[in-house]
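As structure tokens, the structure follows; a few thoughts come after it.
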Amino acid sequence: MDPTPSETAVAPVRAASWYSSPRARIASRHLMNAAILLALPTLLAATLNRAKTLLVDPDIWWHLANARIFVTTHHAIWHDPYSFTVAGHAWIDWEWLSELPFLFSYQSLGLQGIYLVSWLLLGANILFVYYRGYRLSRSADASLWTAAIAFVLMTVNSGPRTIEFAYLAMSAELLILEEFDRGNKRLIWLLPPLFALWINLHGFWFAGIVLLAMYIGLGLFHVELGAFDQQALSRTDRNRLLAVFGASLAALVLNPYGWHLMLSPLDMVVNQKVSVSTIAEWLPIKLGTLAGRFVILAIVLMVIANLVRGRKWKLYELAFVFLAWYAAVAHIRFSYFAAVLTAPMLARDLARAFKLDPDANTIPGMNVLMAGIAAVVIAVQFPSQAALTERLNMMFPMRTIPMIQPSWRTFNWDYVGGMMAFQGKPSFIDSRFDSFDQVGVMDEYGRIMAGNDALELMKKYHVDHALVMDNHPIAYLLEHTPGWTVLQREKAWEGQYILFAKTADAPVQVPACPPTH
């Protein structure tokens, strides 16, 4: 039977009343969306889906070694503590604070602790983007889909990475600026303590300072032209923001290294040209990859949304968008940066352009059911200690590294250097490339790995052992050079690790090149 007019009129009121109750707020769309977003990494992120590549990341091991030194000595690291090539060379641990959660979780839960922190960091970044998107769009649908796009872009630099703490700080900064636009002026004073924390987490604080400077500098102009409609900052707001900017700069000194830590981002630009030009994540994004396709998707969606129903832009918003996508295209690792910076804006544009349904049109019971299913997925996907250990043994020569003696001068593939540091074995190099790039060791390491003047360079560093993979040119060279012998072979995921020992003075000459196929 059709409802009477009176019943029809009352129904929306009852629905709105139920939705506004505490029970409905708990069982809202946000519960379901948050659970789905937290489950996505365990299913689709290569680093977390049954830990396929979680433990492939070599950096985590020297991060743990750094944190162990800090916790044990209660002093910051000022000189390289691991390698014999740059032993005693000035080096600072500019991620010291973000390393501690990984160490404490590892000490408590072993490899599962590393997995747990990695999942929580990626999940927290996704949820923060979702929350900011909802604050701007007031649409759970738009926020969910744009957070899902952001998730794909985040996976290019996810895993046990300290930079994910920096992206949480960046989302906090952007939320504060977004609230300032909305009229919540007092929150802006949270920025100085945020930067005091941020500089101790990661060197990416520099990007946060740049964004704040752009926000203030571009806000000084009054623009009413085409798609731009911006009132210049009032004198009060301008002075408040300049004071906050000055206080934020002053807060950066609050770290164990003082001004030395403030200069670390500049050091990367000036002194680390080899690493920036050769490391995969610093290379330009390939548009044919999944991340590249989603970069295109996000840009196209933003353009289409503004064509369907355009909005008035502020100068800093467009500057942020261009900076984000330029950085992402130029360096694949900055796809994460672009996701954090632009996904909430995209949520607002989609909600406005396509007039998505109100969030009150939801079924609380279904929300709870979907959240429960997502929780089960997370629990089932959480890897066991045995599975993680098996994966670790595939990636690193866990039987061979303990054989290395402290007195040896072992040339090693940089990938295993962090594990050698964690196990207290002196190394030639590890993936802290900033320490080696500055003094030319990284360039010479690359030449040795390629077999170019390798024997001369190894003699220069008094190398008497080598730990490399069998598919490296240097392995072929040593296997065919008199005076070098194989001590150990260990099967790996792709190929074998080989531990070589120098038994006599090897002739400084290059044997015949390996046959090509």
Side-chain angles (χ1 to χ4, degrees), residues 41 45 47-48 51 53-71 76-77 80-82 91-109 111 113-126 128 154-173 194-209 252 255-257 260-262 264-265 267-268 272 275-276 279-282 331-337 339-340 414-415 417-419 421-422 430-435:
T47 51
L48 294 171
T53 58
L54 171 73
L55 299 174
V56 170
D57 194 317
D59 295 359
I60 185 58
W61 301 107
W62 57 259
H63 281 309
L64 293 177
N66 291 344
R68 186 173 57 194
I69 290 175
F70 183 84
V71 170
I77 299 173
D80 189 287
Y82 307 123
W91 182 77
I92 59 176
D93 183 12
W94 43 279
E95 301 159 284
W96 72 272
L97 185 58
S98 56
E99 293 168 339
L100 296 179
F102 283 106
L103 177 66
F104 296 147
S105 63
Y106 177 76
Q107 290 176 335
S108 301
L109 300 171
L111 298 177
I114 297 176
Y115 183 94
L116 178 63
V117 173
S118 302
W119 169 65
L120 289 175
L121 280 173
L122 181 54
N125 272 289
I126 298 169
F128 213 153
M154 290 175 177
T155 57
V156 301
N157 204 17
S158 61
R161 296 292 187 94
T162 55
I163 195 173
E164 295 203 76
F165 285 101
Y167 284 123
L168 285 175
M170 177 170 287
S171 267
E173 176 195 19
L194 176 64
F195 277 103
L197 174 66
W198 195 345
I199 191 172
N200 291 285
L201 292 170
H202 196 275
F204 209 56
W205 61 267
F206 186 76
I209 283 291
L252 295 173
N255 68 80
Y257 299 100
H260 295 278
L261 194 58
M262 297 174 64
S264 60
D267 175 76
M268 173 168 285
Q272 300 179 41
S275 57
V276 170
I279 298 174
E281 64 184 32
W282 283 103
H331 304 288
I332 187 173
R333 67 176 296 165
F334 289 140
S335 294
Y336 206 133
F337 170 63
V340 170
D414 65 76
Y415 180 81
M419 181 60 76
F422 185 66
D430 56 54
S431 54
R432 295 172 303 120
F433 296 131
D434 56 326
S435 184

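Below, all heavy atoms of this structure are taken into account, side chains as well, without hydrogens, waters or symmetry copies.
Proximity of a side-chain donor or acceptor of Tyr257 to a complementary backbone N or O of Met262 within less than 3.5 Å is not detected. Between the Asp414 side chain and the Ser431 main chain, no donor and acceptor come within less than 3.5 Å of each other. In this structure, the side chain of Arg68 engages the main chain of Phe422 through a donor-acceptor pair within 3.5 Å. Side chain of Ser108 to backbone of Ser105: no donor-acceptor contact under 3.5 angstrom is found. In this structure, the side chain of Asn125 engages the main chain of Glu164 through a donor-acceptor pair within 3.5 Å. Of the possible donor and acceptor atoms, one in the side chain of His202 sits under 3.5 Å from a partner among the backbone N and O of Phe204.
For the residue pair Ser98 and Phe165, the shortest heavy atom distance occurs at CB-CD1, 3.3 Å. When all heavy atoms are compared, the tightest approach of Leu252 to Trp205 is CD1-CZ3, 3.4 Å. Of all heavy-atom pairs spanning Pro256 and Ala76, the tightest one is CB-CB, 3.9 Å. Closest non-hydrogen pair, Val156 versus Ser335, comes out as CG2-CB, 3.7 Å. Taking all atoms of both residues into account, the shortest heavy-atom contact from Arg161 to Phe102 is N-CZ, 4.0 Å. Between Met154 and Ala339, the closest heavy-atom pair is CG-CB, 4.3 Å.
Separating the CG atom in Asn255 from the CG atom in Leu201 is a distance of 11.5 Å, to the nearest 0.5 Å. Leu97 CG to Leu197 CG: the interatomic distance, rounded to the nearest 0.5 Å, is 6.0 Å. Note that the CG atom of Leu111 and the CG atom of Leu116 stand 12.5 Å from one another [nearest 0.5 Å]. Atom CG in Leu103 sits 12.5 Å away from atom NE2 in His63 (nearest 0.5 Å). To the nearest 0.5 Å, atom CG of residue Leu194 and atom CD1 of residue Ile199 are 12.0 Å apart. Taking CG of Asn200 as the start and CG of Leu261 as the end, the distance is 6.5 Å to the nearest 0.5 Å.
Applying the side chain to side chain donor-acceptor pair (under 3.5 Å) rule to Tyr167 yields no partners; only residues at least two apart in sequence or on another chain are considered. Trp61 pairs by the side chain to side chain donor-acceptor pair (under 3.5 Å) definition with nothing, not counting sequence neighbours. In this structure Asp80 satisfies the side chain to side chain donor-acceptor pair (under 3.5 Å) test together with Ser83, Arg432, Ser435, sequence neighbours excluded.
Contact check for Glu99 versus Phe70: no side-chain heavy atoms found under the 4.5 Å cut-off. Within the 4.5 Å cutoff, no side-chain heavy atoms of His260 are placed close to those of Trp94. Side-chain contact between Ile126 and Pro41 is present, with heavy atoms from C-beta onward closer than 4.5 Å.
Ring pair Phe334/Phe337 is perpendicular by interplanar angle, where above 60° counts as perpendicular and below 30° as parallel.
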Next item on the list: Mind running side chain to side chain contact (heavy atoms under 4.5 Å, CB included) on Leu64 and Ile114 for me, showing each step along the way?
Entry: CA-CA 10 Å; Leu64 293 177; Ile114 297 176; 4.1 Å; yes
Check: Would Trp96 and Thr162 satisfy side chain to side chain contact (heavy atoms under 4.5 Å, CB included), going step by step from the backbone distance to the final call?
Finding: CA-CA 9 Å; Trp96 72 272; Thr162 55; over 6 Å; no
Next item on the list: Test side chain to side chain contact (heavy atoms under 4.5 Å, CB included) on Ile69 and Tyr82 and set out the steps.
Entry: CA-CA 11 Å; Ile69 290 175; Tyr82 307 123; 3.5 Å; yes
Next item on the list: Any chance you could lay out the side chain to side chain contact (heavy atoms under 4.5 Å, CB included) test for Thr47 and Asp57, step after step, and finish with the verdict?
Entry: CA-CA 9 Å; Thr47 51; Asp57 194 317; over 6 Å; no
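Between the side chains of Trp91 and Asp434, at least one donor N or O sits under 3.5 Å from an acceptor N or O.
Residue Phe206 places its CZ atom among 12 or fewer non-hydrogen atoms of other residues, nucleotides or ligands, all under 6.0 Å distant.
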